Amino acid sequence: MKKEVFKHIACGETLPIKNIHAVSVSMPTLQDVIDYEEHTPEILEKIKSAYPRFILHPYLKILAKYIKEKYSVCDNYEVVLLSSQEAVKIVSDKYFIYNKIDIDEPFGVILVIKGTTQLQKVLTFIQHVGCNLSSRFAQDYLYKVKIIDTIHKEELEDEKTATFTLKNTLAKAYNQPIENIGLAPSGMNAIYSVVRGLKKIQEKSNRTILVQLGWLYLDTMNIVEHHYDRTKKFLDISNLDVVEEFLEENGLNVSAIITEIPTNPLIQSVDVKRLRELCDKYNIPLVIDATLATPYNLNLKPYADILVESLTKFACGNADVLMGAVILNENYKISHMQGEFFKHLDMVYIKDIQRLAYEIRGYKKRVKKISANTKKLIKYFKQSSLIDRIYYCCNEENKKNYEIAIIDDNSYSGLISVTFKKDFRKIYDNLNFAKGPSLGTEFTLLMPYIYLAHYDYIITKKGQDFLKKMNLPIDLLRISVGCENIEDIIDEFKRVESLIS
């Protein structure tokens, strides 16, 4: 009998395993996911660390307690740590918070009264704009003041060259000047900065409508709605006729169009050539989130005015750095307004830059290996008795549009979403891959997407009806294909197929 390569990973274990800076966490059963969404005490005992924008890192909890004691903060207040003083100003202006302590710290602190709805609003806003304090910063601070006695060992690029290495790699990958690359502490902060910049530039010309094309990532939609009173959503990216009709009447008032290529989780692609033509006709900037495409699978330079990428994903590959990038396209005149876009980017901690500069060395090789594995896994899924429907970048409905910008034959986006013919819970619980949030990892990572991203829709009849309308199956499994031996990946699915049959 063949040895099983993939092993069960206990609930609450960091992904990657035993890495204090991990951005994902193991949720090996569907009940774990449901308990997490419902905040049961049992699951919160197990899950100490997870995606940093959603769960407060344990080092940040310790640091907040230390700051509270250091500055003798009244127990009526919750101490909230932010990445910078500028972030404090942004949050305070939004929620009318007065910082009641003078601090001498290289990060931001705000005080929020306990037991109020304001605290949750503030934490949600911080989540959306991505100005969380770095876990590496917290680690180094706590070590310096002797609260902790160890530093997580990891490979880092030299501090003197790290920023250049990171920006230069991205500049070459996107075929852009290095000065057109801006770094952010998260992908959401990159999007936030672009949205703020566009609003400032475009409102002078009465361009006050932001158009969202496709079912975008939830926090992207939230950022747009924070900053634009007038928005228009076109959730069906396959129907550009209705977009064109809207632009015929409102095109001169549109600030920008923002979309993802391909989309998450259904891996759909818009006809970007036609979309570019519409943008040119009405002089509308096109913003594309290229995280799932990566610059090594799709060449979007002929189409996007501005690209954003969550570097946490494929660029990192190890799920242990939170970072993002804004890429301004030299082909379009808006790229000359770097100041308006980059001034809203929050500071990135140098150790995060050093770590990502080390990991990004393998970016292209990683993407191409994942692409090759994705192609082979899809071939297996097409004949598997487990699989009902496969969503991927080059299926029948997507192939033509995806290939508009494809770089070569080995340029498949490394995500596959599937539904099953058999019981979803049983299949999910028995697969021994890593299971948790995030994507783009060198290790195969599964996520029950709707449960983790849109659980609030699952628990109401109205929400379920909306998901049906959007063609988003509740029991959708998103697979971020890894770099492991593809035969081992297929064998794990075969093992469960045999078990369930």
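As a basis for the values below, the full set of heavy atoms in this structure was taken, side chains included, without hydrogen atoms, waters or symmetry mates. In this text the structure is predicted, and so the values were computed from the model without any measurement.
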Within 6.0 angstrom of Lys364 NZ, more than 12 heavy atoms from elsewhere: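 Not more than 12 within 6.0 Å, no.
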Lys70 atom NZ, neighbour heavy-atom count above 12 within 6.0 Å: yes
So, [X] and [Y], do they make that salt bridge, N to O below 4.0 Å?
{"X": "Asp465", "Y": "Lys461", "result": "yes"}
{"X": "Arg495", "Y": "Glu492", "result": "yes"}
{"X": "Glu69", "Y": "Lys65", "result": "yes"}
{"X": "Asp75", "Y": "Lys114", "result": "yes"}

If the plane angle is over 60° it's perpendicular, under 30° parallel, otherwise tilted; pick one for [X] and [Y].
{"X": "Phe381", "Y": "Phe493", "answer": "perpendicular"}
{"X": "Tyr349", "Y": "Phe137", "answer": "perpendicular"}
{"X": "Tyr363", "Y": "Tyr296", "answer": "perpendicular"}

4.5 Å side-chain heavy-atom contact, Arg425 and Asp475: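 Counting from C-beta outward, Arg425 and Asp475 never come under 4.5 Å.
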Ring centres under 6.0 Å, that's the criterion: do [X] and [Y] meet it?
{"X": "Trp215", "Y": "Phe466", "answer": "yes"}
{"X": "Tyr451", "Y": "Tyr36", "answer": "no"}
{"X": "Tyr143", "Y": "Tyr59", "answer": "no"}

Candidate pair Glu157 and Thr165, rule side chain to side chain donor-acceptor pair (under 3.5 Å), full reasoning: CA-CA 9 Å; Glu157 179 85 4; Thr165 297; 3.1 Å; yes
Nearest-0.5 Å distance that lies between atom CD in Glu260 and atom CD1 in Ile288: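 Taking CD in Glu260 and CD1 in Ile288, the distance rounds to 11.0 Å.
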Minimum heavy-atom distance Cys74-Lys68, with the two atoms named: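 So the two residues come closest at O-CE, 3.8 Å.
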